[in-house]
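Scroll down for the structure; my scribbles are underneath it.
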Amino acid sequence: MKRIILLGASGSIGTQTLDIIEKRSSEFTLVGFSVGYQADMAEVIYARFPSVQAVCLRQEIDAIEFKDKHENLSVLYGDSGLLDLIKETEADMVVNALVGFVGLVPTITALKLNREVATANKESLVVGGKLVNDLLDQGHGKLYPIDSEHVAIAKLLAEAKEKKIDKILITGSGGALRNVPLEELPNATPEMALAHPNWKMGKKITIDCATMMNKGFELIEACVLFRRPMEDFEILMHDESMVHSAIRYRNHRYLCDISVPDMHGPIEYALEEGKGKYEIKRVRSLKKLKKFHFHDFDPKRYPSVEICKKAYEKGGNAPAILNASNEVAVEAFLNYEIAFTEIPYYVEKALKRIPFVENPTLEDLLFTDSMTRGYTRERINLDKR
Ligand code: NAD
Ligand code: MG
């Protein structure tokens with residue numbers, strides 16, 4: 001029986017992870033979980049999973065209320081609560097379904113404790129990829145990605161003949177604004193950008209899909225996970241999000257990973273450590289596949305991808321600046337404070353202004369994150385005046 005701690009249980013990846021733990025209850029058991037501001041979700045989740053021993057909420061006031069009702073449970077709160085949840089609860093695997101930079105320290109803490117980590121939280125790999133890989137190299141813990149493209153690539157690489165590989169093609173749908181004429185993009189509203197054609201996800205990643213900052217992050221995530229250089233990867237635009245990624249051989253044969261766009265599959269794959277019984281979702285017949293459309297990537301429409309590549313190549317704390325400024329800019333866009341096309345503008349500004357640190361420690365990354373947030377927020381406020 002694999003004992004699981006789930007961080008971000010109330011989110012899109014979190015709730016789909018709960019589905020799998022419940023469906024395969026003879027193999028997986030939930031021992032601890034966290035939710036953000038949706039404290040009422042904690043009651044619902046605990047009622048569904050009585051195996052839980054510890055719960056972490058975002059706010060102290062919610063934690064006190066929850067503890068009053070459930071004296072037998074360990075109830076924690078805040079950023080330190082997330083870490084205590086990992087440290088104090090006996091578990092085999094930590095599933096990180098948090099969104100944003102807040103996921104970094106929990107990933108590192110879990111690895112240091114030699115836990116298996118299944119992470120959907122790509123921000124922690126973008127910002128702290130080097131620290132994470134150093135820990136893995138020192139023999140601390142194991143890491144499994146929960147991202148449809150990366151699970152696809154892991155499966156494909158396990159089968160591919162390395163010598164024959166020309167490129168690894170990371171597919172991307174282009175997000176909700178893919179058909180909006182370029183000159184109309186500055187007027188795109190949050191409602192328009194949130195209407196993703198193929199996936200139902202949290203708000204932040206849905207906006208990242210519309211800018212394709214998400215694809216830039218995924219390129220970095222792929223370099224970190226598969227320990228390969230950026231040149232090994234190429235973006236392939238694919239409308240239907242059915243081909244989750246592909247390998248092109250030098251002789252132009254292709255290996256493709258195809259399945260319906262549903263994150264239950266990649267989550268299940270990570271939960272079973274890539275061993276791939278993969279029972280819940282499969283395309284069982286090729287007849288189910290309809291038309292597929294592929295296009296070239298358009299760097300003019302999606303300047304964020306080049307910004308990500310440059311930040312990764314620069315290294316040091318640049319990816320931390322990239323991530324923090326993007327988080328602030330996305331939130332400002334969702335609050336109708338800046339235009340859609342200003343998201344990459346503020347990210348570039350921060351990358352130019354925040355001091356570069358070549359070999360950042362975890363403390364340096366935390367400092368960079370908070371400095372970048374402060375700078376970007378202030379810049380947006382000044383520009384609004
Ligand atoms: P979401 O917004 O739906 O859920 C995020 C979860 O994190 C929620 O439980 C929320 O309460 C919690 N949370 C947010 N801020 C917090 C904070 N400061 N402290 C504690 N908890 C906090 O997001 P999501 O779509 O599930 O995405 C989660 C991660 O998975 C992201 O990194 C995203 O890029 C990645 N991802 C998501 C999908 C998807 O289909 N949703 C696919 C691939 C990768
Ligand atoms: Mg993805």
Side-chain angles (χ1 to χ4, degrees), residues 6-19 33-42 44-45 55-60 62-63 76-86 95-107 118-128 144-154 170-175 194 196 198-209 211-222 225 233 235 238 241 243-245 257 259-267 269-270 323 326-327 330-331 334 369 373:
L6 172 58
L7 309 179
S10 53
S12 159
I13 293 291
T15 46
Q16 296 180 81
T17 305
L18 292 174
D19 293 344
F33 70 87
S34 83
V35 299
Y37 291 99
Q38 312 84 337
D40 47 334
M41 285 284 288
V44 179
I45 296 169
V55 175
C56 178
L57 296 142
R58 185 74 212 135
Q59 307 197 84
E60 184 178 8
D62 293 330
L76 307 151
Y77 63 88
D79 287 352
S80 61
L82 287 173
L83 307 186
D84 292 340
L85 178 67
I86 298 168
V95 178
N96 188 343
L98 297 167
V99 60
F101 181 81
V102 69
L104 175 64
V105 185
T107 289
T119 188
N121 182 263
K122 61 188 85 189
E123 294 88 351
S124 53
L125 299 179
V126 168
V127 174
Y144 303 98
I146 299 180
D147 208 341
S148 55
E149 296 79 0
H150 303 78
V151 166
I153 293 168
I170 295 202
T171 48
S173 69
L194 284 171
H196 196 289
N198 305 333
W199 297 95
K200 172 124 191 43
M201 308 180 284
K203 283 186 179 176
K204 193 257 176 183
I205 184 177
T206 308
I207 300 302
D208 285 348
C209 285
T211 56
M212 280 189 87
M213 191 68 80
N214 181 56
K215 210 48 59 184
F217 279 17
E218 288 183 352
L219 285 172
I220 300 175
E221 188 185 3
L225 286 168
F233 301 95
I235 294 174
H238 167 48
S241 303
V243 176
H244 295 297
S245 275
D257 183 82
S259 64
V260 286
D262 182 329
M263 286 305 292
H264 287 93
I267 298 168
Y269 190 84
N323 178 68
N326 181 58
E327 284 190 32
V330 167
E331 206 178 292
L334 286 170
D369 178 76
R373 281 170 198 275

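For ligands, and for the atoms within them, numbers begin at 1 and follow the listed sequence.
Close N/O approach between W199 and ligand 1 is not found [any backbone or side-chain N/O within under 3.5 Å]. The shortest N/O to N/O separation between S12 and ligand 1 falls below 3.5 Å. Checked by distance only, ligand 1 and G36 come closer than 3.5 Å through their nitrogen or oxygen atoms. When only interatomic distances are considered, the shortest N/O to N/O separation between G202 and ligand 1 falls below 3.5 Å. Residue G14 has no nitrogen or oxygen atom sitting less than 3.5 Å from a nitrogen or oxygen atom of ligand 1, judged on distance alone. Where the criterion is an N or O separation shorter than 3.5 Å, residue side chain and backbone included, K200 fails it with respect to ligand 1. Looking at G11 next to ligand 1, an N or O pair under 3.5 Å apart turns up.
Listed here is the closest heavy atom pair of L57 and A63: CD1-CA, 3.5 Å. Nearest heavy-atom pair, S124 versus T107, reported as atom, atom and distance to 0.1 Å: OG-OG1, 3.6 Å. Contact detail for A270 and P145: the closest heavy-atom pair is CB-O, 3.6 Å.
For E149, the N, O or S atom with the smallest separation from the Mg ion (ligand 2) is OE1. The minimum distance between the Mg ion (ligand 2) and any N, O or S atom of D147 involves atom OD1. The Mg ion (ligand 2) is closest to atom OE2 of E218 (considering only N, O or S atoms).
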- Message: If you apply the rule side chain to side chain contact (heavy atoms under 4.5 Å, CB included), what do you find for L98 with L82, and how did you get there?
- Response: CA-CA 10 Å; L98 297 167; L82 287 173; 4.0 Å; yes

- Query: Under the side chain to side chain contact (heavy atoms under 4.5 Å, CB included) criterion, do W199 and S241 qualify, and how do the steps go?
  - Reply: CA-CA 8 Å; W199 297 95; S241 303; 3.4 Å; yes

- Start with the C-alpha gap between I205 and V99, add the side-chain angles, then the distance that decides, and say whether side chain to side chain contact (heavy atoms under 4.5 Å, CB included) holds. CA-CA 8 Å; I205 184 177; V99 60; 5.9 Å; no

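Numbered from 1 in the order shown, with element, the atoms of ligand 1 that lie under 4.0 Å from a heavy atom of Q38 read 11 (O). Within the listing of ligand 1, atoms 32 (O), 34 (O), 44 (C) sit less than 4.0 angstrom from a heavy atom of K122. Of all atoms in ligand 1, listed by their number and element, those nearer than 4.0 Å to a heavy atom of M263 are 40 (O), 42 (C), 43 (C). Per-residue contacts place S10 under 4.0 angstrom from the following atoms of ligand 1 (heavy atoms of the residue considered): 8 (C), 9 (O), 11 (O). Shown in contact with E123 at under 4.0 Å from a heavy atom are these atoms of ligand 1, numbered in order with element: 31 (C), 32 (O). With ligand atoms numbered from 1 in the order given, ligand 1 contributes 26 (O), 30 (O), 37 (C), 38 (C), 39 (C), 40 (O), 41 (N), 42 (C) to contacts under 4.0 Å with heavy atoms of I13.
Between R58 and D79 a salt bridge is recorded (basic side-chain N to carboxylate O distance below 4.0 Å). The pair E149-K122 does not count as a salt bridge, with every side-chain nitrogen at least 4.0 angstrom from each carboxylate oxygen.
Distances from atom 39 (C) of ligand 1 to the heavy atoms of M201, Q16, M41 put M201 nearest. Nearest to atom 28 (C) of ligand 1 by heavy atom, out of P106, G100, A97, is A97. For the residues I205, L7, D147, the heavy atom positioned nearest atom 33 (C) of ligand 1 is part of I205.
With a 4.0 Å cut-off on non-hydrogen atoms, R58 touches ligand 1 through its side chain and not its backbone. In S148, neither the side chain nor the backbone holds a heavy atom less than 4.0 Å from any atom of ligand 1.
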